[in-house]
Amino acid sequence: MHELSISRAIAETVRRHAAGRRVGLVRVEVGQLRQVVPDTLRHCWGLVVEGSDLDGAGLEVVEVPATLECRACGSRRELTEPVLRCEGCGATDVAIVSGEELLVTSYDLRGA
Ligand SMILES: [Zn+2]
């Protein structure tokens, strides 16, 4: 499962940074283009951390909308349909500005 491997990757990142300290709440930004279901991701996170050194750590998922920049007309818009095309001029020569994020933005430490 997609979300399960993402959860493992997040846990690895947090574990490396926390270096043995107790972690409370982890915040991640997930781009819309990653096609991650936040509820599924939180569920998988629970499975991944259960019984580990991160047991009890919560996961807050922030979704980042996909944004495209058109190389033809220069406009920048949020993606509203699952088509990589400029909604202004119709060109398909577009660059993805956001929407592919998968970032651990912060985490809280407990009982330090
Ligand atoms: Zn355009």
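First listed ligand is number 1; within each ligand, the first listed atom is number 1.
- In this structure, the side chains of Trp45 and Val61 stay at 4.5 Å or more apart for every pair of heavy atoms.
- Using a 4.5 Å heavy-atom threshold, the side chains of Ser75 and Cys89 count as separate.
- When the shell of 6.0 Å around CD of Glu81 is examined, it contains more than 12 heavy atoms from other residues, nucleotides or ligands.
- Contact check for Leu79 versus Leu33: side-chain heavy atoms found under the 4.5 Å cut-off.
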Stepwise, does the side chain to side chain contact (heavy atoms under 4.5 Å, CB included) test hold for Thr105 with Val62? CA-CA 10 Å; Thr105 50; Val62 178; 5.9 Å; no
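- Sorted by chain and number, the protein atoms of type N, O or S within less than 2.8 Å of the Zn ion (ligand 1) are Cys70 SG, Cys73 SG, Cys86 SG, Cys89 SG.
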Run the side chain to side chain contact (heavy atoms under 4.5 Å, CB included) test on Asp108 and Val23 for me, step by step, so that the C-alpha distance in whole Å, both residues' side-chain angles and the decisive distance to 0.1 Å come before the verdict. CA-CA 6 Å; Asp108 299 332; Val23 175; over 6 Å; no
